[in-house]
Participant: 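Following this message is one structure expressed as C-alpha cells.
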Amino acid sequence: MHPRFLASGRRLGTLAGLFGLCLLLWILTPHFLTVSNLLNVLEQTAINAVIAAGMTFVIISGGIDLSVGSLVALSGVVLGTLLHAGVPMPVAIAASLGVGFFFGVLNGLAITWGRLPPFIATLGMMSVARGCALLFTDGRPVSGFDAAFRNLATARVFGIPAPVLVAIGVYIVAWFVLSKTRFGRYVYAIGGNEEATRLSGVNVRLHKMCVYGVSGLASAVAAVLLTSRLNSAQPIAGIMYELDAIAATVIGGTSLMGGEGGLGGTIIGALIMGVLRNGLNLLGVSSFVQQIVIGLVIVFAVLIDTALKSRRT
Amino acid sequence: MSHRRRLAAIVVLVVLAMVAACNRGGTETSARPRVGLVLKTLNSPFFIEMQRGAEEAAKRLNVDLVVQAADREIDVERQMQIIENLIQSRVGALAITPAGSREVVPAVGKANAAGIPTIIVDTRLDPKASADAGVKTVTFIGSDNVLGGKMIGEYLVKVSGGNAKVAILEGIPGHETGDSRVKGFRGAVGAAPGIAIVASQPANWERDQGFTVFQNILQAHPEIDTVFACNDMMALGAIEAIASAGRAGKIRVLGFDAVQDARKAIVEGKMEASVAQFPDEMGRVAVESAVKALKGETVPPDQGVRIALVTRENAKQ
C-alpha cells in the first residue's frame with residue numbers, strides 16, 4: 001500500500017477518535033458541547049499544541065526533545081524579566097524567541113557535532129535550561145505585566161481567544177515549512193534513512209540542528225502564551241510538558257521511529273488530550289482516574305500504530 | 001483496514017466504560033448546590049485530610065461536592081485549566097487552594113466574570129496581584145503561618161536556652177505559605193542573640209530534596225545543631241540525612257504540619273517538634289462558607305483555623 005495513503009488513513013482514524021470522544025461527552029454532560037466550553041478547550045490546548053508542533057519536526061527527523069518544558073521556563077523568565085525592565089513588548093518577545101531558538105540549536109550541536117543520542121543531549125539540556133531559569137530569577141516567579149501583554153491571553157478576535165489564533169498561525173507556518181520547503185522534505189528524509197540522505201549530498205548536520213532550533217522556537221512561543229495566561233513567568237513552569245507534547249505527537253500518528261507523520265495528526269492528538277481532560281473535569285471524575293484514562297489513550301494510540309506497521313511489513 | 005477499525009472501536013469502548021464507571025451518580029439535574037473544591041494535589045496527607053473534612057461537611061449540608069487536583073502540586077497552569085473547566089460545568093461556588101499565589105489570580109478573575117463566588121483556602125492570593133486584577137474572593141480560610149513559625153521559633157529559644165546554630169529548609173521560593181513560616185520563625189529567634197541562622201535554602205517541600213539539600217548544608221556547616229524545615233516532608237528528609245551522616249540524636253529537627261510520620265518521629269525522639277494544622281477543619285469551613293455564600297449570607301473575609309505546637313508530650317494522637 002502506498003505510505004502516503006496509509007498516513008492519511010491513520011489521520012482519519014485519529015480524527016474519528018476525536019469525534020467519538022466528543023460524541024461521548026455530548027451524551028454524558030450538557031456542559032460539553034457549548035460554544036463557550038469548546039473555545040475553552042481550544043484555549044487550554046493552544047500551549048501544548050504549539051510545543052507539539054516543534055516536537056513533530058523533531059520526532060519525524062528520528063529524534064526526541066526532552067528539554068522543551070525547561071525551555072518554556074527559561075524563555076518565559078527571560079521574557080518576564082525584560083518586560084519588567086521596561087523593554088518594549090515586541091523586543092522582549094523577540095529576545096525570548098531568540099533564547100528558545102538558541103538553546104534548541106545548542107541541543108542540535110550536541111547531537112550532530114557531539115554525536116550524542118538526542119535522548120541524552122536533550123535530557124542534559126532539560127536540566128541545564130531549568131537550572132539557568134532558576135539561577136536567572138533566584139528561583140522566584142516574575143509576575144504582573146501590563147494590559148497590552150496580558151491581551152495575548154485575554155483578547156478575543158471575533159470571539160476566538162488570542163492564544164488559539166496564535167496556535168493556528170504557528171500551525172500554518174509549520175505546515176508550510178514541513179510540506180512545502182526543501183527543509184521539510186529533508187526532515188522526513190533524515191528520519192527515514194539518515195545515512196542515505198547524507199550520501200545523497202544533503203547537509204544532514206545543518207538540517208538536524210535547525211530541527212532542534214525549531215523545537216526550541218516553538219517552546220518559546222508557548223512560553224509567551226503561558227506567561228501571558230498566568231500573568232507570571234515561573235522558573236518551575238513547564239515541568240513534564242515534554243511528555244504532553246510527545247504524547248500529542250504520537251497520538252497523532254507520528255512514528256517515534258521517524259520518517260513519517262505530520263502536523264495534522266499532532267493537532268488532533270493535542271485536541272484529544274485537551275478534550276479528554278476537559279471532559280473528565282466536567283464529569284467530576286477523580287483526578288487519579290484521569291491519569292489512568294489519559295495513559296491508556298496514549299498506549300492504545302501507539303498500539304494501533306504498531307499494529308498497522310506489522311500489517312504493512 | 002478492518003483490523004484498525006476494530007482497534008479504534010476497542011479504544012472508544014474502553015474509554016466509554018471507564019468514564020461510565022467513574023461517573024457514578026453524576027446527577028446533573030438535582031437541586032443540590034454544586035461546589036467545586038480544587039486542591040493543589042491529592043497525593044499528600046494534608047490535602048487528603050482537607051478533602052475528608054470537606055466531604056463530611058458536604059454530606060451534612062447536602063452539597064454536591066466535586067474535588068479535583070492537578071497531577072503535580074506545582075502545575076499551576078493545569079490548576080487553571082481545572083478551574084476553567086469547573087466554571088464551564090456551572091458549579092455554584094468554588095473553593096481553591098492556590099498552587100501559585102499570583103498565578104491563580106487570572107483564573108479567579110474568570111470565576112468572578114462568571115459570577116461564581118470563590119473561596120481561597122490554605123494559601124493566600126498575592127494581595128497586590130489580586131488588587132491589580134481587581135479580583136474578588138468571598139473569604140480566606142487557613143492557618144496563620146506567621147504565628148506557626150513564631151510558635152516553633154519561641155519553642156526553640158526555650159529549649160535551647162537561647163543558643164543554637166540553625167539551618168532552615170524553605171519551601172518553593174516565592175510561596176506565601178513557606179515565606180510566612182520563615183518570617184515568623186526568624187522573628188521569634190531574632191530575639192535571642194545566641195541563635196544564629198547559618199544557612200537557609202529551598203528544598204521545594206519535598207522529602208528527597210530535604211534529604212539532599214540538608215546533606216549538602218551539613219557538609220558546608222558541620223557546626224549546625226538545629227534544622228527548621230518549613231514542612232514535615234523536608235524535615236523527614238533531613239532526619240535521614242542526619243542518620244546517614246552518623247549524627248542521629250545530635251541535631252534538633254523542627255518541622256511543620258505534624259503529619260503522621262512526623263508525629264511518629266517525635267515519639268521516637270528523632271524529631272523535636274512540629275506545628276499541627278487542621279486541614280480537615282479548613283475543608284469543612286470551606287464547604288460551609290460556600291453554602292453561606294450561595295444563600296447570600298455574610299461570610300467573614302478572613303477565617304483563621306487553629307494551630308497547635310506538637311512535642312513529645314502531645315504527639316501521640
Side-chain angles (χ1 to χ4, degrees), chain A residues 9-10 13 16-17 20-21 24-25 28-32 34 36-37 40 43-44 47 134 138-141 143-144 150 153-154 226 229-232 234-240 276-293 296-297 300-301 303-304 307-308 311, chain B residues 1 3-5 7-12 14-16 18-23 26 28 34 36 39 41-43 64-72 74-78 80-90 100 102-107 109 126 128-129 132-133 172-174 202 204:
Chain A
R10 265 288 279 132
L21 193 62
L24 198 64
L25 289 169
L28 288 174
T29 164
H31 304 302
F32 177 72
T34 63
S36 87
N37 187 51
N40 173 46
E43 193 179 337
Q44 293 177 350
I47 291 170
L134 287 162
D138 204 15
R140 282 165 203 283
S143 55
R150 289 276 292 130
T154 55
L226 182 67
R229 177 165 157 84
L230 297 174
N231 195 18
S232 174
Q234 294 177 294
I236 52 167
I239 288 178
M240 306 250 274
L276 207 54
R277 288 200 167 132
N278 169 261
L280 295 172
N281 282 155
L282 294 183
L283 293 170
V285 173
S286 137
S287 305
F288 298 151
V289 178
Q290 292 186 24
Q291 297 191 35
I292 297 173
V293 173
L296 285 178
V297 167
F300 272 100
L303 202 67
I304 296 174
L308 268 176
R311 271 171 57 82
Chain B
M1 280 297 122
H3 192 54
R4 196 191 70 228
R5 288 222 183 97
L7 272 167
I10 291 170
V11 173
V12 171
V14 166
V15 173
L16 179 95
M18 297 218 50
V19 171
C22 310
N23 191 34
E28 299 274 2
R34 196 146 174 269
L39 299 175
T41 175
L42 274 170
N43 52 26
D64 177 13
L65 183 73
V66 188
V67 183
Q68 299 271 295
D71 308 351
R72 292 176 296 280
I74 52 172
D75 194 346
V76 66
E77 203 274 333
R78 176 77 191 115
M80 182 167 180
Q81 289 185 16
I82 291 171
I83 295 168
E84 287 170 342
N85 293 341
L86 289 177
I87 293 171
Q88 292 296 332
S89 77
R90 306 270 183 280
R102 297 178 186 88
E103 292 77 10
V104 164
V105 170
D126 183 69
K128 186 177 174 295
D132 287 351
I172 293 171
N204 298 335

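In what follows, every chain begins at residue 1, and chains take the letters A, B, ... in the order their sequences are listed. Keep in mind the model is a prediction, meaning the values are calculated, not measured.
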Participant: Evaluate side-chain contact (heavy atoms from CB on, under 4.5 Å) for Asn85(B) paired with Asn40(A), printing each intermediate quantity in order.
Facilitator: CA-CA 8 Å; Asn85(B) 293 341; Asn40(A) 173 46; 3.0 Å; yes
Participant: Please give me the minimum heavy-atom distance between Pro173(B) and Gly139(A), naming the atom from each residue.
Facilitator: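 Minimum heavy-atom contact is CB-O, 3.5 Å.
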Participant: Can you tell which of Asp75(B), Ile87(B), Val76(B) has the highest number of heavy-atom pairs within less than 4.5 Å of chain A?
Facilitator: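 Of the candidates given, the most pairs with chain A belong to Val76(B).
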Participant: Between Ser143(A) and Glu103(B), do the side chains contain a donor N or O and an acceptor N or O under 3.5 Å apart?
Facilitator: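 Absent: no donor and acceptor within the cut-off.
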Participant: Sort Ala129(B) into side chain, backbone, both or neither according to what part of it lies under 4.5 angstrom from a heavy atom of chain A.
Facilitator: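 Answer is neither: Ala129(B) stays 4.5 Å or more from chain A.
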Participant: Evaluate the side-chain proximity of Asn231(A) to Arg102(B): yes if any heavy-atom separation is below 4.5 Å, no if none is.
Facilitator: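 In short, these two side chains do not touch, never coming nearer than 4.5 Å.
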Participant: Sort Leu39(B) into side chain, backbone, both or neither according to what part of it lies under 4.5 angstrom from a heavy atom of chain A.
Facilitator: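 Contact with chain A is absent: no heavy atom of Leu39(B) under 4.5 Å.
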Participant: Looking only at heavy atoms and a cut-off of under 4.5 Å, which of Glu43(A), Gln234(A), Arg150(A) has the most pairs with chain B?
Facilitator: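 So the answer, after comparing Glu43(A), Gln234(A), Arg150(A), is Gln234(A).
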Participant: Do the side chains of Arg78(B) and Arg277(A) get nearer than 4.5 Å, heavy atoms only?
Facilitator: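 SC-SC contact between Arg277(A) and Arg78(B) confirmed.
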Participant: Just wondering, do Ile236(A) and Ile172(B) contact through their side chains at under 4.5 Å, heavy atoms?
Facilitator: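 With C-beta onward as the side chain, the pair touches.
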Participant: Which bit of Thr34(A) is near chain B, if near means a heavy-atom gap under 4.5 Å: side chain, backbone, both or neither?
Facilitator: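 Contact with chain B is through the side chain of Thr34(A) alone.
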Participant: What closest approach, in Å, do Gln81(B) and Arg229(A) show between heavy atoms, and which atom pair accounts for it?
Facilitator: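 Closest approach of Gln81(B) to Arg229(A), heavy atoms only: CG-NH2, 3.5 Å.
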Participant: In terms of side-chain heavy atoms, does Glu84(B) have a donor or acceptor partner in Asn278(A) at a distance below 3.5 Å?
Facilitator: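 No donor-acceptor contact under 3.5 Å links the two side chains.
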Participant: Taking side chain as everything from C-beta outward and backbone as N, CA, C, O, which of these in Phe288(A) sits under 4.5 Å from a heavy atom of chain B? Side chain, backbone, both or neither.
Facilitator: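 When you check distances to chain B, only side chain atoms of Phe288(A) fall under 4.5 Å.
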Participant: Search all heavy atoms of Ser287(A) against all heavy atoms of Leu42(B) and return the closest pair with its distance.
Facilitator: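 Looks like OG-CD1, 4.0 Å.
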Participant: What part of Gln44(A) lies closer than 4.5 angstrom to a heavy atom of chain B: side chain, backbone, both or neither?
Facilitator: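 When you check distances to chain B, atoms from both the backbone and side chain of Gln44(A) fall under 4.5 Å.
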Participant: Under 4.5 Å from any heavy atom of chain B, what part of Ile47(A) do you find: side chain, backbone, both or neither?
Facilitator: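 Side chain only.
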Participant: Considering residues at least two apart in sequence or located in another chain, which fulfil the side chain to side chain contact (heavy atoms under 4.5 Å, CB included) criterion with Val66(B)?
Facilitator: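 For Val66(B) the side chain to side chain contact (heavy atoms under 4.5 Å, CB included) partners, ignoring immediate neighbours, are Arg34(B), Gln68(B), Leu86(B).
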Participant: Rounded to the nearest 0.5 Å, what separation is found between the CG atom of Asn281(A) and the CD1 atom of Ile83(B)?
Facilitator: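 Result: 10.5 Å between the selected atoms.
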